[in-house]
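First comes the structure, then the notes that go with it.
Proteins get letters first, then strands, A, B, ... in listed order; numbering begins at 1 in each.
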Amino acid sequence: MLDKRYNPKSVEEGKYEKWKKAGYFTAGDKSKQAFSMVIPPPNVTGKLHLGHAWDTTIQDIIARYKKMKGYDVLWVPGMDHAGIATQAKVMERLKKMGVDVTKITREEFLKEAWGWKDEYAASIHSQWAKLGLTLDYTRERFTLDEGLNYAVRTVFTRLYKKGLIYQGERIINWDPVQKTALSNIEVIHQDDHGYMYYFKYHIVGSDDYLLVATTRPETMFGDVCVVVNPKDERYTKYIGMKVINPANDEIIPIIGDEYVDIEFGTGAMKCTPAHDPNDFVIGEKYHFPKPIIMNKDATMNEKCGKYQGMDRFVCREALLKDIEAKGDFVKKEEIVHPVGHSERSNAVVEPMLSKQWFVKMESLAKHSLDNQKSKGKVSFIPPRFENTFTNWMENVEDWCISRQLWWGHRIPAYYHKKTNEVYVDVNPPEDIENYVQDEDVLDTWFSSALWPFSTLGWPEKTPDLERYFPTNILSTGYDIIFFWVSRMIFQSLEMNDIRPFDNVLIHGLVRDEQGRKMSKSLGNGIDPMDVIDRHGVDALRYFLTTNSTPGQDMRYIEEKVVSASNYLNKIWNSARYVLSVLGDDFREEKLDTKRLSPLDNWLINKLMDTIKGVSEAMERYDFNSASSYLYNFVYDDFCSNYLEMSKVSLNGDDEEMKMMTKQVLIFTLKNIIKLIYPYTPFIAEEMYLNLPNHLESIMLETYPEYDESMINLKANKEVELLFDFIKDSRTYKIENKLAPNEKIAIAINLRIPVFNGFMAYLSRFTFAKEIKEEKDIMNIQGHLYVHDDGDMVIINEVSNDEILLKLNKEIEFEENEIRRCEGMLNNPNFVSKAPKEKVDAERNKLKQHQDNLASLLEKKAKL
RNA sequence: GGAUGCUUAGCUCAGCUGGGAGAGCAUCGCCUUUACACGGCGGAGGUCGUGGGUUCGAGUCCCUCAGCAUCCACCA
């Protein structure tokens, strides 16, 4: 028996372990059609946040739904080693432990990192369990495990041999805190306050000088020339002459190149090929040397004379002072300009020339873009995110994949000790003793990009890969379309010549109550485990998946979780009621719609509509609509109307009717439980296991099916009329300050035949002491209520004035409606151009309103 | 400089292919009616950001503008 109040804690207890133990999460039933997904692997750096809870609940709903629909569902779990992030955290911990991290060896570090991984993996596992995720743990993977490493080496080697991976010296984004290269998308550009500094570059053999502006004076040590636009009349005369670099007094040439914008700044640009990507291009074009003037930690190097060893920002100030003393510092202007910061360390990124490994993106991007024009395209939900993806692909630059870290997949490149020849292969060279392996590891996203197939055993042709790849759908936030989705797509197309998943379901971000992003610095993050503690996981799941539109951000609002919990309590209590009225001798039968009462039929009709609406929405992954169909059915149709009415037949003495009411109650309840189940599996399971006929678990059940043969509309209008009358009586009592159970006398005039028992229901729910049925109710003193299929008068002795007041209000309403209908119908364009059904519908409405008006006027005349 | 999203009831948000504006919370009134007071019943509350256009008909389609948010972009 169910408790009086739905208690999440007791409901949730033990269920997940039971499901897991029973093997319900394990895929492999070959008799069914396969349906597969991979979880976006969370980083092993911390706790799951609300975004994870949202994303994984969406997937869990899909998994549970598809399982009920008869699919063999595989949902692959796993975690990401998260190179930079994890290495930073492990280093931090080592420092706290008092370890001198500058002296630690690679092996020692890795041992520590694996220990860290195990700790955090355990914590993530327990959070997944709390969330109730139906993950197939027998197939769990880690982005750094041996199998995935094999996949990574294979992909690297294949791309290298095709010439799509190369080693090159190029300007990369250098993170001076983590001391590693970064890819372009790991750099966050934010508007910072800074200065534009103006310096005199004196022209050799002249009194003139060029005024040159820069935001980074410390890079002046790397200047190789000053560039002006050859069309710039101010400067053409200087092209070919030389200037003195005020930082180090070196003499450098003035050259002309169209790249320089005449309008911008002073029109004269200093060129520092090793520390700026554009300058690099110019440096290449004119064959300048590319002096690097900084160390890996962003201190100045030996090329900077007395500034050597200074931090770049310290150097900037010192240099300014010195140049000012010489009189060559003209001014500084305060500006706001975009400055690149490392996504992980937040350090200001230094563009720097460096030898790194790159993925050549041109052909890979083209392959992806072409594929989006084919039948095998990846469908984005909502579709607008396809543009996000294609725009990025169209403008993508080569991907810097090497990282100067220890925690990651070591690059499978080996350098011959003597010849320095490079050897790249899946396996090390046989005479490994003659080689040294590249020290660097790969960008974390290089391994994540293979996730949908590497987890299934690729490059081996495993049975899982055959059966479950490509996967059906991938769910993720729009913030990692570039990082992850796009890379999975091009890697899969390149390696397998097929998309990695048919659909991508994109959701937004969870924000705080004020709409701000949740972040550590703001301290406004919400721990999903705390929410679960307070309100239960089902309420959290329901809140997360039913409160937003696909692709849109969502605010976390505690009261909405409470609402969700109240809704679940409502269903819980309706279940409690149904179970309490069944009685010991109850035996569930297949519902025979021919034996049902009009009221029963009405409910079953509504239920069928609901099943249809919910199922169609589920197929579109439109969880918001699906849940609201069910919500309305549960509250209005089932609880407010049918459940209350069922008390009449259950307390009556018609045994057949009583029995059928019970059958309808249990049938409907069971369907409600199944429909809500994918959202709120714990409470659904608890209620399900209390039903008279149940399997071992609701996880073995099938999804409700819309069954047209169960629909019977014969008495639907009569039931609706009954509800109308009951509502009228309630409104009447409230308007006239009567108690809800105040006895009233009513008279009705029916224009349609009604079912047996109509009067009994009417009497009971209006608390009527008397019901007169007569055609001529217009003569009866009281309040008139007009409906399409019948009228009702609540008999009383109120003054004519009061009645008149009310009548006039209703007459006005009907007249307005008639005017509206006539307006449309008198418009020849409407009649000729609108669809016939619409016109007919308007005609019917007009007729109805005219009839209603006639009744009201008749009543008025008789006052 | 490109691109996208948002602007609907006091607040947070739904409104699919155009055909009489919805939910939750808040608010007001009544009710200890035997599933639920974490409840029931009944209300009130909206010129759907601005200005145009298409259409018989626009919250819904097109254009303009404004405000807010986000993403992308090498401007020294």
In whole Å, what is the span from the [atom1] atom of [X] to the [atom2] atom of [N]?
X: A:Glu822; N: B:G57; atom1: CD; atom2: P; result: 19 Å
X: A:Lys833; N: B:U55; atom1: NZ; atom2: C1'; result: 8 Å
X: A:Arg516; N: B:C68; atom1: CZ; atom2: C1'; result: 16 Å
X: A:Ile726; N: B:U33; atom1: CD1; atom2: P; result: 19 Å

Pairwise [atom1] distance, [M] and [N] [rounded to whole Å]:
N: B:G46; M: B:G53; atom1: C1'; answer: 25 Å
N: B:C65; M: B:G22; atom1: C1'; answer: 29 Å
N: B:A9; M: B:U47; atom1: P; answer: 9 Å
N: B:U60; M: B:G18; atom1: P; answer: 11 Å
N: B:G43; M: B:G49; atom1: C1'; answer: 29 Å
N: B:C6; M: B:C61; atom1: P; answer: 10 Å
N: B:C41; M: B:U34; atom1: P; answer: 14 Å
N: B:G24; M: B:U50; atom1: P; answer: 27 Å

Charged tip of [X] within 45° of [Y] ring normal and under 6.0 Å:
X: A:Lys743; Y: A:Phe767; result: no
X: A:Lys647; Y: A:Tyr577; result: yes
X: A:Arg541; Y: A:Trp54; result: no

In B/S/- notation, 5' to 3', how is nucleotides 35-46 of chain B contacted by protein heavy atoms closer than 4.0 Å? BB-BSSBS----
Once base and sugar-phosphate atoms are separated, protein heavy atoms under 4.0 Å mark nucleotides 71-76 of chain B, 5' to 3', with B, S and - as SS-BBB
Please find out if less than 6.0 Å separates the ring center of [X] from that of [Y].
X: A:Phe385; Y: A:Phe389; result: no
X: A:Tyr631; Y: A:Tyr567; result: yes
X: A:Phe543; Y: A:Tyr556; result: yes

Which is true for [X] with a 4.0 Å heavy-atom rule: it touches a base, it touches only sugar-phosphate, or it touches nothing?
X: A:Pro828; value: nothing
X: A:Phe385; value: nothing
X: A:His535; value: nothing

Describe, in one word, how the ring planes of A:Tyr238 and A:Tyr235 are oriented to each other, choosing from parallel (under 30°), tilted (30 to 60°) and perpendicular (over 60°). tilted
Represent RNA chain B in dot-bracket notation, 5' to 3'. Only Watson-Crick or G-U wobble pairs with both distances under 3.5 Å count; pseudoknot-style crossings use [ ] and interstrand partners use |. (((((((..((((.....[..)))).(((((.......))))).....(.(((..]....))).))))))))....
Quick one: NZ on A:Lys290 to CG on A:Leu353, what's the gap to the nearest 0.5 Å? 7.0 Å
Can you list everything that forms a salt bridge (charged side-chain N to carboxylate O under 4.0 Å, His left out) with A:Lys200? Sequence neighbours excluded, please. none
Taking only residues two or more places apart in sequence or in another chain, which ones pass salt bridge (charged side-chain N to carboxylate O under 4.0 Å, His left out) with A:Lys727? none
Under 3.5 Å, which N/O atoms of the protein pair with N/O atoms of nucleotides 12-16 of chain B?
unit_1, atom_1, unit_2, atom_2, d
B:U12, O3', A:Arg555, NE, 3.3
B:U12, O2', A:Lys560, NZ, 3.4
B:U12, O2, A:Lys560, NZ, 3.2
B:C13, OP1, A:Arg555, NE, 2.7
B:A14, OP1, A:Thr549, OG1, 2.6
B:A14, O5', A:Thr549, OG1, 2.7

Using the side chain to side chain donor-acceptor pair (under 3.5 Å) definition, which of the options A:Glu333, A:Lys332, A:Lys331 pairs with A:Tyr198? A:Glu333
State whether the side chain of A:Thr680 and the backbone N or O of A:Ile683 hold a donor-acceptor pair below 3.5 Å, judged by distance alone. no
